[in-house]
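None of the values given here were measured: they were computed from a predicted structure. Order of listing sets the numbers, starting from 1, for every ligand and every atom in it.
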Amino acid sequence: MLFPKLQQKLLERAENNSLRKLTVSKGMVDFFSNDYLGLARSKELSEKIGVEYEKQKGNFNGSTGSRLLSGNSEYVLKVEEELAGLFRAEKTLLMNSGYNANISILSAIPQKGDTIIYDELIHASLKEGYRLSFANRFPFKHNDLEDLELKLKKGKGDLFVVAESIYSMDGDTAPLKEMVILCEKYGAHLILDEAHSTGTFGENGNGLACALGIEQKIFARIYTFGKGMGIHGACVAGSKILIDYLVNFARPFIYTTALPVHSIVSVKCAFDYLKEKPELAKNLSEKIVDFRNNLPEKIINEGRYVESNSPIQVIKVSGNTEVKKLAANLQSKKLDIRPILSPTVKEGEERLRICLHVFNTKEEMELLYQSLNEFL
Ligand SMILES: Cc1ncc(COP(=O)(O)O)c(C=O)c1O
């Protein structure tokens, strides 16, 4: 009796025009990947990784176990130390992915009687994390400091505020300085997901909190490497106590095979590479300014543009059918732009998510502007 039930669920998705399918992009212009800095496709970085891997690989392809058993090495500890220097933290802890890092922190730290107060637009992995916690939880309105303060007043036990530097489906930025002040006022602990600002903001890609000089006031920061850094994995940065606690209590860290040495080498090489290439961040910010300057005015006038200084640029198009149609029109021009459907975002808040990259050429940008003008 299970399969008919599952099939019914799939049918409902198809009827809502929200059925997800795995597709492969071929011969299209990339305006949809998170490879903002082009590191995922950098031959130069790939060669550097190859050379370092030859030095470090030893006799193992995989890591052979959990970090607490056979999956640890001097090399991993050294890379964590380097990351701690970069992110200006007492310690960092490598995680297999940002998803794992977020689940680890929220499932392990807030306890029964504590309160998690989260921005309503936080990523699914953070939501998954609080679902695994016994703490109370409620959302505050997106980037709304007044609502956050109201919720802070209602919180009980230890208070945790959860936010992202750059929101993944909106591209906008959290008012971090003000949030830090509010957290200090109510003794709350800020948990900050820097997934989309890792590599793209701050000195040598060390994210928004470091760029603003408020990193020491944040309880836990999560940096992910699968987006701007073009590779895979993540780390948590914070105090020694935070990291020692996660090593002891974070189940998604403890009960999983550690990243293989190739991934660790890639993390080291990608950050070293970025340090040598400050022009990448400069090029990316020029692309962002260019996009904003060339966005058709009617989109702004109709209130469909989400203000963003990040490589994620969003145009709202209400309705799954409508947004899918628009994306198909853009794809017919060989522009790979994907529609973000409900339920990934709220119904009525469907959108085109356009990602800008250092490697997008002037001609590709022109084609994008012309096509947005034509179809929107
Ligand atoms: C804001 C945010 N946090 C965390 C993650 C998960 O990171 P990872 O892809 O490394 O698992 C994502 C990825 O989609 C994200 O957008």
* Would you say His196 touches ligand 1, if touching means a heavy atom closer than 4.0 Å? -> yes
* Please determine if Gly98 has a nitrogen or oxygen closer than 3.5 Å to a nitrogen or oxygen of ligand 1. => yes
* Structure fact -> Interatomic distance, NZ@Lys316 vs CG@Asp170, rounded to 0.5 Å, equals 6.0 Å
* Asn96: partners by side chain to side chain contact (heavy atoms under 4.5 Å, CB included), with sequence neighbours left out -> Asn100, Thr256, Leu259
* Asked: Which atoms from ligand 1 have a heavy atom of Ser168 less than 4.0 Å away?
  -> 16 (O)
* Please check if any side-chain donor atom of Ser239 sits under 3.5 Å from a side-chain acceptor atom of Glu90, or the reverse. => no
* Asked: How does Ser97 reach ligand 1, if at all, at less than 4.0 Å between non-hydrogen atoms: by side chain, backbone, both, or neither?
  -> both
* What distance do Leu126 atom CG and Tyr118 atom OH have between them, rounded to the nearest 0.5 Å? -> 11.0 Å
* Structure fact -> protein heavy-atom neighbour closest to atom 9 (O) of ligand 1 works out as Lys227 NZ, 3.5 Å
* Structure fact -> of all protein heavy atoms, closest to atom 5 (C) of ligand 1 is His123 CE1, 3.5 Å
* To do: Record the part of Asn102 in heavy-atom contact with ligand 1 below 4.0 Å; permitted values are side chain, backbone, both and neither.
  => side chain
* Structure fact -> One finds that the ligand 1 atoms under 4.0 Å from a non-hydrogen atom of Ser125 are 4 (C)
* Ring-ring centroid check His196 Phe201, cutoff 6.0 Å -> no
* Asked: Among all protein non-hydrogen atoms, which one is nearest to atom 4 (C) of ligand 1, and what is the separation to 0.1 Å?
  -> Asp193 OD2, 3.4 Å
* What atoms of ligand 1 come closer than 4.0 angstrom to any heavy atom of Glu164? -> 1 (C)
* SB check Glu82 Lys268 (cutoff 4.0 Å) -> yes
* With a cut-off of 4.0 Å, which atoms of ligand 1 are near a heavy atom of Tyr99? -> 6 (C), 7 (O), 8 (P), 11 (O)
